[in-house]
Amino acid sequence: MDLFSSFLDLVLHLDQHLRELAESYGAWIYGVLFLIVFLETGVVVTPFLPGDSLLFVAGTLAAAGELNIHLLVVLLIVAAIGGDSLNYSIGRYLGPKVFRFEDSRFFKRAYVERTRAFFERHGGKAIIIARFVPIIRTYAPFVAGIGSMPYRRFLLFNVGGAVLWVVLLAYAGFFFGNLPLVRNNLTTVILGIIVLSIMPAIIEFWRARRAP
């Protein structure tokens, strides 16, 4: 199985993989989830890691009694805030010279440009909106650092966005994930979450293509 197939299997069967990890690692699963969220938000070369679907499925595991939902939410909020802060610091350190970097498997200059356009359209609240948009979620704090957004202002949006993102998705999984209709169609639900997550990015791309 190649890397893409493995990743697709992870995303589409996230419920099974997380449950297996929880059974294998016990309390260490909190650390695994913390690390995934921290890396997905904190390092520009890992935008492919699951985000929204991960939070939702983690909430369903908590509803099944395998995790403490309140501890989970607090830890993942801290991970999301810490990840964005790291990404901001990297962007601030590298500065505008990042636009001269060559494309690679893990770094796409087009993502940075697209995120910068997203910032120009939405301003500071882009940090909050980006929490719910894959790829842009990873690049938004990086671009904020490149643009030298004052850290206090960035931190305000960072904390607000992290709380909204984690609370809404994790508790949605906790309260609705184990309803028979959702549980029996969890793969479809995960796909739906992914589609809804990327719709804002698709709309932005479509607007950019139509702009003169």
J.: Run the ring pair (Phe, Tyr, Trp, His ring centres under 6.0 Å) test against Phe157 and tell me which residues pass, sequence neighbours left out.
T.: none
J.: Could you tell me the separation between the CG atom of Leu75 and the CZ atom of Phe38, rounded to the nearest 0.5 Å?
T.: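 Leu75 CG to Phe38 CZ: 13.5 Å, rounded to 0.5 Å.
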J.: Applying the 4.5 Å side-chain criterion to the ILVMFWY set and letting contacts propagate, would Val74 and Val159 be lumped into a single cluster?
T.: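 Val74 does not cluster with Val159.
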J.: Taking atom CZ of Phe142 and atom CG of Leu86, what is their separation to the nearest 0.5 Å?
T.: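 Here the interatomic distance stands at 10.5 Å.
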J.: Tell me the salt bridge (charged side-chain N to carboxylate O under 4.0 Å, His left out) pairs involving residues 154-164, sequence neighbours left out?
T.: none
J.: With rounding to the nearest 0.5 angstrom, report the CD to CD1 distance, Glu66 to Ile29.
T.: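 Going from CD on Glu66 over to CD1 on Ile29, the span is 9.5 Å.
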J.: Should the pair Phe174 and Tyr171 be assigned to parallel (<30°), tilted (30 to 60°) or perpendicular (>60°) ring geometry?
T.: perpendicular
J.: Would Val78 end up clustered with Leu156 when hydrophobic side chains under 4.5 Å apart are linked, directly or stepwise?
T.: no
J.: Looking only at non-hydrogen atoms, find the nearest pair between Pro141 and Asn87 and report the distance.
T.: CG-CB, 3.6 Å
J.: Please report the closest heavy-atom contact between Ile36 and Leu54, naming both atoms and the distance.
T.: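 Where Ile36 meets Leu54 most closely, the heavy atoms are CG2-CD2, 3.7 Å.
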J.: Do Met149 and Val143 have side chains that approach each other closer than 4.5 Å (heavy atoms only, starting at C-beta)?
T.: no
J.: Taking all heavy atoms of Leu33 and all of Ala58, pick out the closest pair and write down the distance.
T.: CD1-CB, 4.2 Å
J.: Indicate yes or no: at least one non-hydrogen side-chain atom of Thr41 is less than 4.5 angstrom from one of Ile81.
T.: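 Side chain of Thr41 against side chain of Ile81, heavy atoms only: no contact under 4.5 Å found.
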J.: Between Leu55 and Trp165, which heavy-atom pair has the shortest distance, and what is it?
T.: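 It is CD1-CE2, 3.5 Å.
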J.: Output the distance between atom CZ (Phe34) and atom CG (Leu39), rounded to the nearest 0.5 Å.
T.: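 Between Phe34 CZ and Leu39 CG, I get 10.0 Å after rounding to 0.5 Å.
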J.: Would you call Asp52-Arg137 a salt bridge at under 4.0 Å N-O?
T.: yes
J.: If you look at every heavy atom in Ala170 and Val73, which pair is closest and at what distance?
T.: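 What the structure gives for the nearest pair is CB-CG2, 3.9 Å.
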J.: Pair Arg153, Asn158 - check side chain to side chain donor-acceptor pair (under 3.5 Å), show working.
T.: CA-CA 9 Å; Arg153 184 165 182 258; Asn158 179 12; over 6 Å; no
J.: Give the minimum heavy-atom separation between Ile90 and Gly42, together with the two atoms involved.
T.: CD1-O, 4.1 Å
J.: Any side-chain heavy-atom pair from Leu164 and Phe132 closer than 4.5 angstrom?
T.: yes
J.: Would Tyr88 and Tyr151 count as a close aromatic pair, with their ring centres under 6.0 Å?
T.: yes
J.: For the atom pair OG1 (Thr138) and CD (Glu40), what is the distance rounded to the nearest 0.5 Å?
T.: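 Those atoms lie 4.5 Å apart.
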J.: Going through the checks in order, is the side chain to side chain contact (heavy atoms under 4.5 Å, CB included) test met by Arg131 and Val166?
T.: CA-CA 9 Å; Arg131 284 289 185 187; Val166 175; over 6 Å; no
